[in-house]
Amino acid sequence: MNEKQPIPAFRGAIFDLDGVLVDTARYHYLAWKRLAAELGFDFSEAGNERLKGVSRMRSLEILLELGGRSLSDTEKEASAARKNAWYVEYLNSLDTSALLPGAAAYLGELRARGIRIALGSASRNAPLILDRLGIRPYFDALIDGNTVSRAKPDPEVFLKGAAALGLAPADCTVFEDSAAGIQAAKAGGMIAVAIGRPEHLPGADRYIASLEAMLL
Ligand code: BG6
Ligand code: MG
């Protein structure tokens with residue numbers, strides 16, 4: 001992977017949360033696995049890959065599809081709420097060791113350079129996670145699952161992020177670890193930096209293994 005591909009200078013940075021700043025995939029997995037067990041099937045880590053970047057309800061639908069189960073809308077609401085309650089319980093043990101390599105250092109570096117910073121996440125738990133990790137003060141704007149109505153790959157979350165920063169989309173760089181997120185960033189006219197590999201995340205402007213590669 002060429003981690004030093006240049007990207008154009010930017011005035012705003014918009015970060016996805018899960019898988020970019022913080023390693024929460026494990027907790028999502030454990031909570032979905034617990035729900036699957038209750039529903040009578042096993043849920044593998046490979047299956048969990050399909051849930052990254054996907055909204056809570058859509059994740060449940062994929063889980064049910066994998067387990068060959070179907071539920072009524074009311075049961076789905078209840079199951080998603082149960083999963084979330086377990087997930088939030090796991091989040092209570094979250095500490096700064098869950099921050100991904102380079103995340104805090106890069107946020108600090110961007111602030112020192114006067115770059116404006118927004119969150120652009122599908123998670124409705126984003127404020128809780130930012131507070132547990134003590135990184136909320138780095139952000140000028142928070143756009144998350146509580147404020148958007150259309151899921152990635154729709155660009156809504158990032159367009160709202162750019163607008164909240166008072167910047168044009170072309171002046172913003174998005175940091176993402178999901179294919180839908182990269183598509184959303186490009187559809188919104190932003191520069192896209194992928195945390196991951198081109199074969200999984202096509203269409204990005206640069207590929208890095210972690211935010212550590214961005215540090216000056
Ligand atoms: C995304 C995660 O950031 O947020 C998904 O990658 C998750 O795995 C989605 O399902 C919604 O999160 P939450 O916390 O609102 O259930
Ligand atoms: Mg992500």
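Counting convention: from 1, in listed order, for ligands and their atoms alike. FYI, side chains are in, hydrogens and waters are out, and symmetry mates aren't considered; it's all heavy atoms of this structure. Because the structure is a prediction, the values reported are computed rather than measured.
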Practice problem: With heavy atoms of Ser59 as the reference, note each atom of ligand 1 found under 4.0 Å away. | Solution: 10 (O)
Self-check item: Donor + acceptor pair across side chains of Asp18, Thr24 (<3.5 Å)
Solution: yes
Quiz prompt | Residue Asp16 atom name (nearest to the Mg ion (ligand 2); N/O/S) | solution = OD2
Quiz item: For Asp144 and Asn125, does a side-chain donor sit closer than 3.5 Å to a side-chain acceptor?
Solution: no
Quiz item: So what does the Asp18 O - the Mg ion (ligand 2) - Asp177 OD1 angle come to, to 10°?
Solution: 100°
Quiz item: Where the side chain of Arg116 meets the backbone of Leu165, is there a donor-acceptor pair that is under 3.5 Å apart?
Solution: yes
Quiz item: What atoms of ligand 1 come closer than 4.0 angstrom to any heavy atom of Tyr87?
Solution: 14 (O)
Exercise. Identify, for atom 16 (O) of ligand 1, the protein heavy atom at the shortest distance, and state residue, atom and that distance.
Key: Arg56 NE, 2.8 Å
Practice problem: For atom 7 (C) of ligand 1, find the nearest protein heavy atom and state the residue, atom name and distance (0.1 Å precision). | Solution: Val54 O, 3.2 Å
Quiz item: Among protein heavy atoms, which sits nearest to atom 15 (O) of ligand 1, and what does the distance come to when rounded to 0.1 Å?
Solution: Arg124 N, 2.6 Å
Quiz prompt | Candidate with minimal heavy-atom separation from atom 2 (C) of ligand 1, of Asp144, Asp18, Asp16 | solution = Asp18
Quiz item: Considering only the protein, which heavy-atom contact is closest to atom 8 (O) of ligand 1, and what is its distance?
Solution: Leu51 O, 3.1 Å
Quiz item: Stepwise, does the side chain to side chain donor-acceptor pair (under 3.5 Å) test hold for His28 with Lys83?
Solution: CA-CA 8 Å; His28 277 297; Lys83 179 267 172 181; 2.8 Å; yes
Quiz item: Can you name the side chain to side chain contact (heavy atoms under 4.5 Å, CB included) partners of Val54, sequence neighbours left out?
Solution: Arg58, Ser59, Ile62
Exercise. Answer yes if the side chains of Ser72 and Glu75 hold a donor-acceptor pair under 3.5 Å, and no otherwise.
Key: yes
Practice problem: Could you check atom 6 (O) of ligand 1 against the protein and tell me its nearest heavy-atom contact, residue, atom and distance included? | Solution: Gly53 N, 2.7 Å
Quiz prompt | Arg132, CZ: over 12 other non-hydrogen atoms inside 6.0 angstrom | solution = yes
